[in-house]
Number of protein chains: 2
Amino acid sequence: MDRKKKLGQFIEACRHSGLKITPQRVAVYEVLLTREDHPTVEDIYNEVKKKYPFVSLATVYRTVETLEELGLIRKVAYWGSSVRYDANTSDHHHLICVQCGAIRDVEFCLDWTPPTNIQGYRVHKYSLHIYGVCPVCQAKEN
Amino acid sequence: MDRKKKLGQFIEACRHSGLKITPQRVAVYEVLLTREDHPTVEDIYNEVKKKYPFVSLATVYRTVETLEELGLIRKVAYWGSSVRYDANTSDHHHLICVQCGAIRDVEFCLDWTPPTNIQGYRVHKYSLHIYGVCPVCQAKEN
DNA sequence: AACCAATCTGCTAATGATTTTCAATATAGA
DNA sequence: TCTATATTGAAAATCATTAGCAGATTGGTT
């Protein structure tokens, strides 16, 4: 579906910035396009390794940084100790499990727009973090 | 003002949990009660060192963990590489500078209450993260 | 189809933040 | 004051992330 389109945009963005299109880069971005759970770099690495067993963790770190600079992915403010990434760069909110750290997109919008100036800060954007217990962790409680 | 009261609650909580009341613990909590900028552990350490030059960074790490377990302080979901702590455990929102990472409390409330169940998550609470450029960084732009 | 310059990659070592280990010390209750 | 137990400081260990470098790939040229 629009995964194809997104990959096309990525190729385009690389060309535009003089970046080379390597299988590793494509693979990293594909993993991010596929997953809904806001994976860590380690998660992405494990996924990419299935296809390219020789890929290096350092390359995955470098690639997510590149993708972020291209504006194709975002860091997600997180709970645990590792950074998580999100290929959905449109405005949306997150649902965070306080037990296991799972992060999902919230499927509704809050129709609220912040003032452009709050307490002297020049405001860019906002995001809502909703904390709770995910269905999987609830099941474990019994 | 109610810093006294909060310290009293802390003493009480320690007694209740069989934790000893040490000058280091009190000092760490006092720093957190005083500061409005959601300091990192390193920040707290530097502040505590003024009073107790021999304090160890490890002790500060241990103490913030203890305080968090007691429910007296909270980790703040963060942007940069170090965890930041907040002695304000009531519901409130944060204003984050995307340049320098400064975090301030937002002085207004959003009168919105999330549903108690969202996409299967049992919702506890939420917080709003507003990103922008703080006055100090704006001044540096000139 | 082979060439070349520039960019990338994988490996390894370095860094920064946080946690653990452990012997010595301080606290709280008897 | 005495003692059991929790806590501390200092140093080593761990985890996530970044940097350095030599060899391999990419993409534009012949």
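Lettering follows sequence order; numbering is per chain, from 1.
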Rounded to the nearest 0.5 Å, how far does [atom2] of [Y] lie from [atom1] of [X]?
{"X": "B:Glu65", "Y": "B:Ile73", "atom1": "CD", "atom2": "CD1", "value": "10.0 Å"}
{"X": "B:Cys134", "Y": "A:Gln119", "atom1": "SG", "atom2": "CD", "value": "12.0 Å"}
{"X": "B:Thr34", "Y": "B:Ile44", "atom1": "OG1", "atom2": "CD1", "value": "11.0 Å"}

Protein proximity profile, nucleotides 21-30 of chain C - base contact B, sugar-phosphate-only contact S, no contact -, cut-off 4.0 Å on heavy atoms: B-----BS--
[N] [atom2] sits how many Å from [X] [atom1], rounded?
{"X": "A:Arg25", "N": "D:dT26", "atom1": "CZ", "atom2": "C1'", "value": "10 Å"}
{"X": "A:Arg84", "N": "D:dA16", "atom1": "CZ", "atom2": "C1'", "value": "14 Å"}
{"X": "B:Asp43", "N": "C:dT18", "atom1": "CG", "atom2": "C1'", "value": "15 Å"}
{"X": "B:Glu42", "N": "C:dT19", "atom1": "CD", "atom2": "P", "value": "14 Å"}
{"X": "A:Tyr85", "N": "D:dA16", "atom1": "OH", "atom2": "P", "value": "14 Å"}
{"X": "B:Ile44", "N": "C:dT18", "atom1": "CD1", "atom2": "C1'", "value": "13 Å"}
{"X": "A:Glu65", "N": "C:dT7", "atom1": "CD", "atom2": "C1'", "value": "15 Å"}
{"X": "B:Leu70", "N": "D:dT7", "atom1": "CG", "atom2": "C1'", "value": "15 Å"}

Could you tell me whether the side chain of A:Gln138 and the main chain of B:Gly120 form a donor-acceptor pair under 3.5 Å? yes
What heavy-atom pair brings A:Val133 and A:Cys97 nearest, and what distance separates the two atoms? CA-SG, 4.0 Å
What pair of heavy atoms forms the shortest contact from A:Arg74 to A:Thr89, and how long is it? NH1-O, 3.5 Å
For B:Val55 and for B:Gly18, locate the closest nucleotide of DNA chain D by heavy-atom distance; then report the residue assigned to the nucleotide nearer the 5' terminus. B:Gly18
Flag the pair A:Tyr126 / B:His94 as yes when their ring centroid distance falls below 6.0 Å, and as no otherwise. no
For D:dC15 and A:Ser81 - does any side-chain N or O of the residue sit under 4.0 Å from the phosphate oxygens OP1/OP2? no
OP1 or OP2 of D:dT8 less than 4.0 angstrom from a side-chain nitrogen or oxygen of B:Thr59, does that happen here? no
Under 4.0 Å between any heavy atoms, over every strand shown, what does B:Tyr61 touch: base, sugar-phosphate, or nothing? Just pick one. base
Once you apply a heavy-atom cut-off of 4.0 Å, does B:Gln24 come out as touching a base, just sugar-phosphate, or nothing? sugar-phosphate
